[in-house]
> 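Pasting a structure here, questions to come.
Letters A, B, ... mirror the listed sequences (proteins, then strands); counts begin at 1.
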Number of protein chains: 2
Amino acid sequence: MSLSNTILGVLNLSAMTGYDLKKFIDHSTQFFWHAELSQIYPLLKQLETSGKVKVEVIPVEGKPDKKVYSITEKGRAEFLVWLSEPMDETPPTKSPMLLKIFFLQALDKNEVLAQLRCQLEAQRARLKRLQLETSRTIEESAGRTSFATQGVLWELVRQYGELQTQTSITWLEQALKVVEEKL
Amino acid sequence: MSLSNTILGVLNLSAMTGYDLKKFIDHSTQFFWHAELSQIYPLLKQLETSGKVKVEVIPVEGKPDKKVYSITEKGRAEFLVWLSEPMDETPPTKSPMLLKIFFLQALDKNEVLAQLRCQLEAQRARLKRLQLETSRTIEESAGRTSFATQGVLWELVRQYGELQTQTSITWLEQALKVVEEKL
DNA sequence: CAAGGCATGTAAATCGTTACATGATTTA
DNA sequence: TAAATCATGTAACGATTTACATGCCTTG
């Protein structure tokens, strides 16, 4: 049920359309949460049916009507309940990268090294993206009054992404050395 | 399709039952990949139908027959193709923890601090588990001949988990300070 | 004039979780 | 004697992805 809460959380900051919701998610939570429009649209409908969001339909010529969604009191209440639930357990995560590295020994040494180098490049590219793109997005959003108070936590979360990616890079560099020596 | 490949990867190390597969996954890949028996059993059947694994049924008195699965040449070939595919993209991951922290500003300061402290405890517990339990499992497995050559990458992967968790802990400690001062 | 952004969705398929069902043996 | 472990699964539901479908407007 985390996507419902993501949607409610964003709408709690500002009313917007499904399309804008998708863009917002892509530019803010993208490195720890994401969703496709084909998942967002039906969910918005469902949230509306259960009275957690309401819709204002704005007719547009020659295009589908624009549907601006905003959170209701009922929706906000539910969102706050979710937000207050203690995060006591570390929920299981999945990492295709780690999974593949775990099994890599079935290939020969050169292929193992190639895979690790490949992933190292991907992580370096990711770090650059996080440093440039995301910090810019946060600055822009911070300008808008409705998002202003979000600043502190957004910046923290962005730093988290940077730190973890940096850790991955350092680890991969180390892993390359170990594999070269010991395999 | 990563679970099929996980299963093929484990069976490539040693033949075993669905039940043992589950235990193996729980004790080795658990912090980056996991699965329920209700997903494993049907998948094994499917892999058998497509000729990627084969089964040896061992009758047991008073219990369901034991079904020992092993990988076929076809299965191994497919597994190696998957393993060789370049890991160029960083696949999108999901983190309920980050998601919640991202939205936490909707609560008041004390609740924010409580949530962060709660997660800090969870991460510290996780670190302990990784340091004790997992390293023990790896040592045990390393004793068995069929798993011996896996040692280097397993140890690396375990270290990755430790490093990332340590990074999370440091970040959460920092986040607590920042929130106390700035919020 | 082609590509991409704007703006809405539906349908099918796959992936994953939770609950249910059975029944013997071992351990606390 | 209650709970956990061994050992197999099915059914229902929920979450997610991929493909399809439409059509205008803007930018290169």
> Measure CZ/Phe24(A) against P/dG5(C) and give the value in whole Å, please.
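It is 19 Å, rounded to the nearest whole Å.
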> Atom OG in Ser28(B), atom CD1 in Ile25(B): separation rounded to 0.5 Å?
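Between Ser28(B) OG and Ile25(B) CD1, I get 7.0 Å after rounding to 0.5 Å.
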> To the nearest Å, give me how far apart OH (Tyr19(B)) and C1' (dT25(C)) are.
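After rounding, the reported distance stands at 12 Å.
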> Identify the residue among Gln159(B), Gln166(B), Arg158(B) that makes a side-chain hydrogen bond (donor to acceptor under 3.5 Å, both in side chains) with Glu162(B).
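The single option meeting the side-chain hydrogen bond (donor to acceptor under 3.5 Å, both in side chains) with Glu162(B) is Arg158(B).
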> Less than 4.0 Å between a side-chain N and a carboxylate O, is that true for Lys67(A) and Glu56(A)?
no
> Check every atom of dT16(D), dC6(C), dT8(D) against the side chain of Thr17(B) and return the nucleotide holding the closest atom.
dT8(D)
> The helix from dC1(C)-dG28(D) to dA28(C)-dT1(D): angle between its terminal axes, five pairs each, to 10°?
50°
> Could you tell me how far apart Leu21(B) (CG) and dA7(D) (C1') are, to the nearest whole angstrom?
14 Å
> With a 4.0 Å cut-off on heavy atoms, is Lys22(B) in touch with a base, just the backbone sugar-phosphate, or nothing at all?
nothing
> Base, backbone or nothing for each nucleotide of nucleotides 17-28 of chain D, written B, S, -, heavy atoms under 4.0 angstrom, 5' to 3'?
BBB----S----
> Whole Å only: how far is the CD1 atom of Ile25(A) from the P atom of dT16(D)?
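Value for this atom pair: 11 Å.
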> Given side chains that start at C-beta, do those of Leu176(A) and Leu120(A) come closer than 4.5 Å, heavy atoms only?
yes
> Rounded to whole angstrom units, what separation is found between the NZ atom of Lys67(B) and the C1' atom of dA7(D)?
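Spelled out: NZ on Lys67(B) to C1' on dA7(D) is 11 Å.
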> Side chain of Met1(A) only, please: which of dT14(C), dG14(D), dG16(C) is the nearest?
dG14(D)
> With Arg76(B), which residues qualify under side chain to side chain donor-acceptor pair (under 3.5 Å), at least two apart?
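Checked Arg76(B) against side chain to side chain donor-acceptor pair (under 3.5 Å); matches are Asn12(B), Glu73(B).
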> According to side chain to side chain donor-acceptor pair (under 3.5 Å), who are the partners of Tyr69(B), at least two apart in sequence or on a separate chain?
none
> Quick one: which of Thr167(B), Thr165(B), Thr170(B) gives a side-chain hydrogen bond (donor to acceptor under 3.5 Å, both in side chains) with Thr167(A)?
Thr167(B)
> ring-ring contact (aromatic ring centres under 6.0 Å, His included): which pairs involve residues 103-124 of chain B, sequence neighbours left out?
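Non-adjacent pairs meeting ring-ring contact (aromatic ring centres under 6.0 Å, His included): Phe79(A)-Phe103(B).
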> Taking atom P of dG9(C) as reference, at what distance in whole Å does atom CG of Leu37(A) sit?
10 Å
> So does Lys23(B) get a side-chain nitrogen or oxygen closer than 4.0 Å to the phosphate oxygens (OP1/OP2) of dA7(D)?
no
> I want to confirm an ordering. Mapping Lys66(B) and Ser2(A) to their closest nucleotides on DNA chain D, which one lands closer to the 5' end?
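On the 5' side of the pair lies Lys66(B).
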> Look up atom CZ in Arg126(A) and atom OG in Ser168(A), then write down how far apart they are to the nearest 0.5 Å.
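Result: 7.5 Å between the selected atoms.
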> Are the aromatic ring centres of Trp154(A) and Phe24(A) under 6.0 angstrom apart?
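That pair passes the under 6.0 Å test.
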> Can you give me the closest heavy-atom contact between Glu180(B) and Lys109(B), atom names plus distance?
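That would be O-NZ, 2.7 Å.
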> Kindly indicate whether the side chain of Gln123(A), heavy atoms from C-beta on, has any atom under 4.5 Å from the side chain of Leu172(A).
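When only atoms from C-beta onward are counted, Leu172(A) and Gln123(A) do touch, with a gap below 4.5 Å.
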> Using a cut-off of strictly less than 4.0 Å between a heavy atom of the residue and any atom of DNA chain D, enumerate the qualifying residues of residues 41-54 of chain B by number.
Tyr41(B), Lys45(B)
> Rounded to the nearest angstrom, tell me the gap between atom CE in Met16(B) and atom P in dC6(D).
14 Å
> To the nearest angstrom, how far is Asp65(B) atom CG from dC6(D) atom P?
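Atom-to-atom, Asp65(B) to dC6(D), this comes out as 18 Å.
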